[in-house]
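Structure first, commentary second.
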2 protein chains.
Amino acid sequence: MAARDTGAQTAAHTPMPPKRPARALLLQAAARLFYAQGVAATGIDTITTEAGVAKKSLYNNFASKAELVAAYLEARHAEWLGLYSRRLEDARNPRERVLAVFDAYTDHANAAYLNGFRGCGLLNAAAELPAGAPGRLAVRKHKEEVEGLLARHVAEVLPAGHGRAAGLARHLAFLLEGAMARAGLEGNDACLKECRTIAARLLADV
Amino acid sequence: MAARDTGAQTAAHTPMPPKRPARALLLQAAARLFYAQGVAATGIDTITTEAGVAKKSLYNNFASKAELVAAYLEARHAEWLGLYSRRLEDARNPRERVLAVFDAYTDHANAAYLNGFRGCGLLNAAAELPAGAPGRLAVRKHKEEVEGLLARHVAEVLPAGHGRAAGLARHLAFLLEGAMARAGLEGNDACLKECRTIAARLLADV
DNA sequence: TTTTGTAGGTAGACTGACCTACCTACTATC
DNA sequence: GATAGTAGGTAGGTCAGTCTACCTACAAAA
């Protein structure tokens, strides 16, 4: 029985490739595939094949597909924060720090690793989740954090005690979210650039 | 062979229910299920069971699931136009006609047949479709038509030759789209009402 | 320095559930 | 009699997830 000879022809001619960081490869493949095709439409086998990783490795690193999806959402949020902080460094005044949020979304739209822009990956994933799913809450948290960043920098633009900072931040948040959605449908960042201009004018009018 | 007795116990005790408009029942069930669970997550059998209709009837009326999805998208667009035209009738001036677009989305969010608001059904469906899919184009067309309606009524609000009608319409379109997305994540129409207020102020400031 | 244990890789067969799509056989309505 | 409905089976594929069997890199113990 031990010698059922199934596969694994006793090495010697197949020297076995070296160990690799399977988790990172899986997250990378998942990022590409989930974004491009959607979560439900992307099977486990497709991901492991694309990652060049054994199926067992997936289940060594993640308890289930749902957990991989959760890690994917987490990674998208972290990725955006990275893009944003880079844009924030370049900003030289409060107004530019507000607009850095918009620039970070444009950078996201132009990220090289995704072939074909299809809108916000987090929102797209949320669209596939049923009403009460924890993933939807994670996406909501992300959007609220973005709005919080907007609000913080809007408050620096407005004269102290102006009282409309939160309202303006919300206005900008809706504007950005909508432009992102439309940009995703059109497959390019034109809407995002347009909405950045609108946002700049709103800030100038204050 | 003709008498293999498989199922269909020769009627007499099962008098067969009367003929019903299967197509409409299917579209109704698809509307509920596709919206609540997503397109890919909803199987053919679930739809036919929910509709109380035979599987054959589905394939009598639609060549494939993809065609049912296309009809679903079409129906959502038509439904929104209906909601909008009702709101349009109540509007008494150009400004109210612009805001009627916002009200139509609020009505959509509060539509009784969907248990649990989850955002724009068209946008959610688009999120499941790969980049080049015809369904995505249909959704984009819908959004452009909505923006066109906005633009038409914005032009009536602005003084002739103002030149910023298209720009304002686009601003409002992004605002509305973003509020809808956020509202979907939060499961209620609060964001939509908020964005209607923002829109009203924008129109007042012109 | 050598041995050995362990954690985390490899390939891919397999299970049971579910998917789309088509099918048979029968019936109600126009 | 043609059309469109009924119930439900079936084919062929794909899904997530488990499993066996083997391999490699590293570190701690001998």
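All chains are named by letter (A, B, ...) in the order of the sequence lines, taking the proteins before the strands, and each is independently numbered beginning at 1.
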| Which pairs with one or both residues in residues 72-83 of chain A pass salt bridge (charged side-chain N to carboxylate O under 4.0 Å, His left out), sequence neighbours excluded? | Arg76(A)-Glu79(A)

| field | Pairwise salt bridge (charged side-chain N to carboxylate O under 4.0 Å, His left out) hits with a residue in residues 80-92 of chain B, at least two apart | value | Arg87(B)-Asp107(B), Arg92(B)-Glu96(B)

| remark: Residues passing the ring pair (Phe, Tyr, Trp, His ring centres under 6.0 Å) test with His171(A), sequence neighbours excluded, are His171(B)

| said: Using a 4.0 Å cut-off on heavy atoms, which residues in residues 55-67 of chain A reach DNA chain D? List them by number, or say none. | reply: Lys55(A), Lys56(A), Tyr59(A), Ser64(A), Lys65(A)

| query | What residues form a side-chain hydrogen bond (donor to acceptor under 3.5 Å, both in side chains) with Arg182(A), not counting sequence neighbours? | reply | Glu147(B)

Contacts under 3.5 angstrom, residues 53-63 of chain B side chains, donor-acceptor by atom type, not counting sequence neighbours:
| from | atom 1 | to | atom 2 | distance (Å) |
| --- | --- | --- | --- | --- |
| Lys55(B) | NZ | Asp45(B) | OD1 | 3.2 |
| Asn61(B) | ND2 | Ser57(B) | O | 2.8 |

| For DNA chain D, which residues in residues 25-53 of chain A have a heavy atom at a distance below 4.0 Å? | Thr42(A), Gly43(A), Ile44(A)

| Checking all strands, does Ala22(A) fall into the base, sugar-phosphate, or nothing category for heavy-atom contacts under 4.0 angstrom? | sugar-phosphate

| note | Residues at least two apart in sequence or cross-chain that pass salt bridge (charged side-chain N to carboxylate O under 4.0 Å, His left out) with Lys193(A), listed by chain then number, are Asp189(A)

Could you list all N or O pairs between the protein and nucleotides 11-13 of chain D that sit under 3.5 Å apart?
none

| Those residues that, when tested against Tyr72(B), pass ring pair (Phe, Tyr, Trp, His ring centres under 6.0 Å) (two or more places apart) | Phe34(B)

| For Tyr105(A), what residues pass the ring pair (Phe, Tyr, Trp, His ring centres under 6.0 Å) criterion, not counting sequence neighbours? | Trp80(A)

| request: Taking side-chain contact (heavy atoms from CB on, under 4.5 Å) as the test, write out the residues that go with Leu129(B), two or more places apart. | output: Ala133(B), Arg136(B)

| Lys/Arg N to Asp/Glu carboxylate O, Arg140(B) vs Glu144(B), below 4.0 Å | yes

